4 protein chains.
Amino acid sequence: MTEPAGRRVRTAALELFAERGFHGTGIRDLAQRAGLSTATLYHYMGTKEDLLAEIMRDSMRLLLLAAGQTGTFGTPTERIARLTQIHVLAHAARPLHTRVADDEIRALSAPVRAEITALRDEYEDFWQSAIDDGVTSGEFRVAAPTVARLALLEMCSGVARWYRPDGPLTASELAARYVEMALGLLTVDGAAPALDPGAADDMNELVSELWPL
Amino acid sequence: MTEPAGRRVRTAALELFAERGFHGTGIRDLAQRAGLSTATLYHYMGTKEDLLAEIMRDSMRLLLLAAGQTGTFGTPTERIARLTQIHVLAHAARPLHTRVADDEIRALSAPVRAEITALRDEYEDFWQSAIDDGVTSGEFRVAAPTVARLALLEMCSGVARWYRPDGPLTASELAARYVEMALGLLTVDGAAPALDPGAADDMNELVSELWPL
Amino acid sequence: MTEPAGRRVRTAALELFAERGFHGTGIRDLAQRAGLSTATLYHYMGTKEDLLAEIMRDSMRLLLLAAGQTGTFGTPTERIARLTQIHVLAHAARPLHTRVADDEIRALSAPVRAEITALRDEYEDFWQSAIDDGVTSGEFRVAAPTVARLALLEMCSGVARWYRPDGPLTASELAARYVEMALGLLTVDGAAPALDPGAADDMNELVSELWPL
Amino acid sequence: MTEPAGRRVRTAALELFAERGFHGTGIRDLAQRAGLSTATLYHYMGTKEDLLAEIMRDSMRLLLLAAGQTGTFGTPTERIARLTQIHVLAHAARPLHTRVADDEIRALSAPVRAEITALRDEYEDFWQSAIDDGVTSGEFRVAAPTVARLALLEMCSGVARWYRPDGPLTASELAARYVEMALGLLTVDGAAPALDPGAADDMNELVSELWPL
DNA sequence: CATGAATGAGAATTCATTCAT
DNA sequence: GATGAATGAATTCTCATTCAT
């Protein structure tokens, strides 16, 4: 409680947006968590959406900054390794920020969403160009580079949903493992023991039965 | 509009919950999308939460049923391959259901959440035991099997967020690729070209600077 | 359930209006209790208020009929005795009807309320004229005959709120006791051991303190 | 209108609940009577039921307090006399509170109802033990002491329904009269001119005809 | 700085009732 | 008879926000 009120508001917003989502959080909840009245709340914030936008901007800008400092030099392999590492470390170190940034884009109004989406696209461009460069250079072998980017980012971002620093792995160890997985994913050689085609058809049939259109 | 009204309500709920989230969807939205008045809406549904619970129950039960039919026999490698395949196919074929089921658990009231969580835990047990068995048999080499399960599921579930059937890959092709990735992930041999330790430290330092605790 | 539906509706209304009050009872409640759909309900009734009006009309008409047959001949003492007896017997025998009639007048719309109030006034006139005649003849000694009527009726009507036929008194015994009390009440001779005036003042003071205006 | 808004809300609730009943009073009615918008109303209250619970709690607590101060010493006759006096005075002085407390218990939700019922039972215990003590000491002669308590309370509470301070009796005079009636009721000697048995049977027959089971 | 007071709009849900079949 | 479908109006209550003090 020695923290300044303005900071407490941000912390409250971060925690509650991560926990209940933007639409699931009321300003009364924010006020209570911050230990203020709802009216006082407005001394320290603009609108509720501004609060969300701040969180997302901060989150994206830092990621973007880090990507700019690490993702622009060296071989594609090195670039992907470093991008993966900071992405995982960031998601392990700041799970609330990253979860909000990942989950609540749809809650933003059009103009802010455009702004945040632009930042995110810029960030993902670092990944995409590293992947594309790797494919061009032959370091990576992937059929659909765009799909690869999406799969990689989903996989790495998931960390924010379950990683606990008091678990068996440190954040650094976790990041190292994800780097291995990411690079493996980008150099799939098709030598993995594929299911026999008949089995694949069976699966498709099962899915069609269970989830008819 | 030849569809019966009850079905239109379910479809509207599915689409809107997936698009805007449960809390971001009002009954007015549901009514409008279903082409009914809000009062008439209640002729075809219980509460808004009932609608959500139905979607999640259906989604989880089918996944569970499919896992029961495919994830219990054969080698661990085969089991994981099949589980991955149905999971990806299901998420590609029914992205709305699976997205709602993945994203809106927190919106459920305690009793329903307990019910759905139990179904989900049961489903994830198929994965966990396949992984654990593979580790025991030596087919898989993973330091933290629980982490592996989480990473795998996150990665595969992400499909529902971006896969489009009119893209470059069919759902079957996508599933095949994910099977390869999943098996690769579980047999990481540490032989991947690790970043040199100095570089890893640099990253950690950068993260510490950008996201101070 | 062998009862005809129309009767079941009346019974349901009677029970629920007595139990929860008119405004506390919804047509859904009525339909459920009667074992019908809400739409079917309307085959057997007019509006919800009609149902209430029927109950009150029946209740008041019977009371009025009985009063007309018993309250018009004999001495004032005999008339009051008979009126008390039928009033108590009626309230013991038909507690639901009488409770609804006593409690729900305010729920009626103006025109129906006027009608029911007229019936009630007519009924109470039997009491009032018996009392007044007794005062004129000297059989009764009461300072405020109107107050006496109100007190008597309140006291006797209360029976419907608590009397149970399986209790220690039969309805006839109960009625006999009330006849005694009623006649005693009308022949109060002021000889009862009054509180000393000082004590009465103390009470007034206490009330003023506890319930300040 | 110089009254503070919070008080106006309480007054409005008291008046309207007494006039139309809890279920017959909408928040719109409360808001209009208090001169506020419905939203502003909620600045000054919890739920509608809270408002009712407050009224009932206040009413019962004061009655209980008064009973505790006056109903515990002296002879049974004196105790009943004082209990009757405060009960009648309270009902004459605060008819709205007491009417709400008497009529709307059924409108309360289970937990609050339990609380209020406990208070009421405690209050009625003062009456019951005074009556029982009087029966033991021989001061009172009543066949069914529990019935006597119920009859007494019904009779006295009725005052709140019709007493007007600008009528022929002051509240004190009214209370004195009720004390006489109460004591008379408790010392019924059976000497009242009973109806001849044949007449009583006639009445029973008439009731049976008019209100067949 | 801080807050009590205030609000129009909207939340989910229920209301009594009608009507075509 | 019986009912599924439908609804405008009303229900209680919360929303995010403003503003005078």
Side-chain angles (χ1 to χ4, degrees), chain A residues 4-6 9 13 22-31 34-52 109, chain B residues 4-6 8-9 22-31 34-52 109, chain C residues 4-6 9 13 22-31 34-52 109, chain D residues 4-6 8-9 22-31 34-52 109:
Chain A
V9 173
F22 178 75
H23 287 305
T25 302
I27 41 135
R28 288 158 152 83
D29 301 322
L30 289 171
L36 300 169
S37 72
T38 58
T40 305
L41 209 59
Y42 280 87
H43 266 278
Y44 300 98
M45 55 177 272
T47 66
K48 195 180 126 183
E49 193 192 353
D50 290 341
L51 230 32
L52 176 59
S109 66
Chain B
R8 290 209 314 271
V9 172
F22 179 75
H23 288 306
T25 302
I27 40 137
R28 287 160 149 84
D29 302 321
L30 288 170
L36 299 169
S37 72
T38 59
T40 305
L41 204 61
Y42 280 89
H43 194 65
Y44 297 98
M45 55 177 272
T47 65
K48 200 180 114 179
E49 195 193 349
D50 289 343
L51 234 30
L52 177 58
S109 66
Chain C
V9 173
F22 178 75
H23 288 306
T25 302
I27 41 136
R28 288 159 152 83
D29 301 322
L30 289 170
L36 300 169
S37 72
T38 58
T40 305
L41 208 60
Y42 280 88
H43 266 279
Y44 299 99
M45 54 176 274
T47 66
K48 193 180 128 185
E49 194 192 352
D50 290 341
L51 230 32
L52 176 59
S109 65
Chain D
R8 291 209 313 272
V9 172
F22 179 76
H23 287 306
T25 303
I27 42 138
R28 286 160 149 84
D29 302 321
L30 288 170
L36 300 169
S37 72
T38 59
T40 304
L41 203 61
Y42 279 89
H43 194 65
Y44 297 97
M45 55 176 273
T47 65
K48 199 180 116 180
E49 194 193 351
D50 289 342
L51 233 29
L52 176 59
S109 66

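Quick caveat, the model's predicted, so the values are computed rather than measured. Proteins get letters first, then strands, A, B, ... in listed order; numbering begins at 1 in each.
What separates CG of A/L36 from P of E/dT3 is a distance of 7 Å, to the nearest Å. Atom CE of D/M45 is separated from atom P of E/dA6 by 15 Å (rounded to the nearest Å). Across the protein-nucleic acid pair, A/I27 atom CD1 and E/dT7 atom P stand 17 Å apart, rounded to whole Å. Remark: P of F/dA16 and CG of A/L51 are 12 Å apart, rounded to the nearest angstrom. Between the P atom of E/dG10 and the NZ atom of B/K48 lies a distance of 15 Å, rounded to the nearest Å. Rounded to an integer number of Å, the gap from D/Y42 OH to F/dT12 P is 7 Å. As a whole-Å value, the separation of D/L41 CG from E/dA5 P is 13 Å. The distance between atom NE2 of A/H23 and atom C1' of E/dG10, rounded to the nearest whole Å, is 14 Å.
Interatomic distance, A/L36 CG to A/H43 NE2, rounded to the nearest 0.5 Å: 10.5 Å.
Not one side-chain nitrogen or oxygen of D/S37 sits closer than 4.0 Å to the OP1 or OP2 atom of E/dA6. For A/R28 and F/dA16, the shortest distance from a side-chain N or O to OP1 or OP2 is not below 4.0 Å.
In this structure, D/Y44 and C/H43 both approach DNA chain E, and ranking their closest nucleotides by distance from the 5' end singles out D/Y44. A residue-by-residue look at C/T40 and A/F22 shows that C/T40 has its nearest nucleotide of DNA chain F further toward the 5' end. Ranked by how close their nearest DNA chain E nucleotide is to the 5' end, D/A5 and B/T47 are led by D/A5.
You'll find that the side chain of A/A39 is closest to E/dT3, out of E/dT3, F/dT17, E/dT17.
The shortest side-chain heavy-atom distance between C/V9 and C/L41 falls under the 4.5 Å cut-off.
For DNA chain F, if you chain together Watson-Crick or G-U pairs that step i with j, i+1 with j-1 and so on, the runs of at least three with distances under 3.5 Å are E:2-21 with F:2-21.
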